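Accompanying notes for the structure given below.
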Amino acid sequence: MTNRQANVVSGLQLWQWRIRANQAAIAHNIPVAEVDWLLQEIADLDRLALRLESFKDWSEVPMGLSLDKLDQLWQRRLGDRLPVQYIAGVTPWRNFRLTVSSAVLIPRPETECLIDLAVAAVANSELAWQLQQGHWVDLGTGSGAIALGLADAFPEATIHAVDCSLEALAIAQQNAQNTGLVDRMRFYQGRWWEPLTLLKGQVSGMVSNPPYIPSDIVPTLQPEVVNHEPHLALDGGVDGLDAIRHLIEVAPSYLRPGGIWLIEMMAGQADTVQTLLLQQGSYSNIQIHSDLAGIERFAVAEIASSRTSDTPSTA
Ligand SMILES: C[S@@+](CC[C@H](N)C(=O)[O-])C[C@H]1O[C@@H](n2cnc3c(N)ncnc32)[C@H](O)[C@@H]1O
């Protein structure tokens with residue numbers, strides 16, 4: 001987003017644009033709230049000014065882009081279903097305001113739960129003190145959301161963020177700089193665990209939201225997703241479980257005994273993931289957790305000290 005002071009528009013012009021944008025949103029079945037959210041992000045307008053429409057009388061409203069450019073992008077929202085977060089270039093996630101571009105998945109609200117589950121898993125561990133100050137990894141970091149959440153939740157930990165996309169890593173690093181957490185974060189380009197060989201046997205926790213959508217479902221997703229978000233972030237192979245299977249197999253040689261293994265998955269995958277974890281033989285205390293919509297969305301386990309498996313439970 002460019003400097004807000006570089007573009008100014010009269011309050012009346014912006015008020016007229018907002019009315020047209022609201023009408024178009026309704027006609028295109030897009031939530032009207034997106035218009036005001038976008039105006040808060042790109043113009044110096046707060047909720048009250050928007051609600052009372054007090055900005056209508058302002059001679060100048062500073063904007064991050066020109067009204068023409070804003071309108072062009074809004075037409076893409078309507079016609080191409082470009083996600084509004086890519087227009088604004090930012091999205092809220094936990095207590096962060098994250099930069100996003102079409103190089104990264106827009107971090108989802110349900111993914112926020114991964115951080116709370118990581119904190120709970122540590123709190124319930126006999127090794128809580130060691131785990132919270134050790135090495136944590138976010139595999140497939142995208143915008144860096146999970147890595148930042150971990151850095152925030154575990155102030156004494158070092159966070160290692162991996163992605164195979166250089167463009168995504170650039171965004172993740174920018175977000176780390178913006179939040180002031182960058183000193184405890186490391187970034188690596190590569191495939192899942194591969195760049196982290198030096199950490200074998202030492203990692204306190206792995207958190208990942210890998211691509212998990214079966215390949216034949218990807219084209220059926222809503223146009224905002226399938227036409228604009230990176231397919232590298234979505235496509236999990238024939239049954240959606242390629243990446244999760246790999247993470248189950250390889251993690252035990254990187255995680256320390258008692259280390260936490262935590263992933264996000266898709267509705268319908270929980271039973272298979274639980275079985276795969278059990279069959280692998282290194283995991284104990286396997287639990288499935290639901291998201292706020294009641295969908296079994298997260299799997300958490302720990303590396304058994306004796307490296308033998310345990311009976312699973314559903315939380
Ligand atoms: C579903 S997105 C998750 C992004 C972010 N962690 C989040 O939750 O919003 C999956 C991420 O995994 C990355 N990815 C896909 N295949 C990968 C691989 N083989 N190795 C490392 N990262 C990979 C993608 O580039 C993408 O950023």
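Each residue takes its place number in the sequence, starting with 1. Computation of the quantities below employed the complete heavy-atom set of this structure, encompassing side-chain atoms and omitting hydrogens, waters and symmetry-equivalent molecules. Order of listing sets the numbers, starting from 1, for every ligand and every atom in it. Keep in mind the model is a prediction, meaning the values are calculated, not measured.
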Using the side chain to side chain contact (heavy atoms under 4.5 Å, CB included) rule, take Arg256 and Leu131 through it: C-alpha gap first, then chi angles, then the decisive distance, then the call.
CA-CA 9 Å; Arg256 51 167 292 166; Leu131 294 184; 4.1 Å; yes
May I ask whether Ala147 has any heavy atom positioned less than 4.0 angstrom from an atom of ligand 1?
no
What residue and heavy atom of the protein are closest to [atom], and at what distance?
atom: atom 1 (C) of ligand 1; value: Ala233 O, 2.9 Å
atom: atom 8 (O) of ligand 1; value: Asn209 ND2, 2.9 Å
atom: atom 15 (C) of ligand 1; value: Leu232 O, 3.3 Å

Record the part of [X] in heavy-atom contact with ligand 1 below 4.0 Å; permitted values are side chain, backbone, both and neither.
X: Asp163; answer: both
X: Thr111; answer: side chain
X: Cys164; answer: both
X: Thr141; answer: backbone

Is the backbone N or O of Met265 less than 3.5 Å from a side-chain atom of Arg297, with the two atoms forming a donor-acceptor pair by type?
yes
I'd like to know if the side chain of Arg77 reaches the main chain of Leu82, judged simply by a donor and an acceptor atom lying under 3.5 Å from each other, with no hydrogens or angles considered.
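The answer is yes, because a donor-acceptor pair under 3.5 Å joins these two groups.
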Ignoring hydrogens, just give me the one of Trp193, Trp93, Trp192, Tyr212 whose non-hydrogen atom is nearest atom 19 (N) of ligand 1.
Trp192
Residue [X] vicinity, atoms of ligand 1 by number, heavy atom under 4.0 Å:
X: Gly140; value: 3 (C), 4 (C), 5 (C), 6 (N), 11 (C), 12 (O), 13 (C), 22 (N)
X: Ile146; value: 6 (N), 8 (O)
X: Pro107; value: 9 (O)
X: Arg191; value: 19 (N), 20 (N)
X: Gly190; value: 20 (N), 21 (C)
X: Leu105; value: 1 (C), 9 (O)

Please give me the minimum heavy-atom distance between Phe96 and Leu148, naming the atom from each residue.
CZ-O, 3.5 Å
Are [X] and [Y] within salt-bridge range, i.e. N to O under 4.0 Å?
X: Glu53; Y: Arg18; value: yes
X: Glu41; Y: Arg97; value: yes
X: Glu110; Y: Arg94; value: no
X: Asp46; Y: Arg51; value: no

Could you tell me whether the side chains of Tyr86 and His228 share a donor-acceptor contact shorter than 3.5 Å?
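Checked: Tyr86/His228 side chains show no N/O donor-acceptor pair below 3.5 Å.
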Exceeds 12 heavy-atom contacts within 6.0 angstrom, atom CZ of Arg47
no
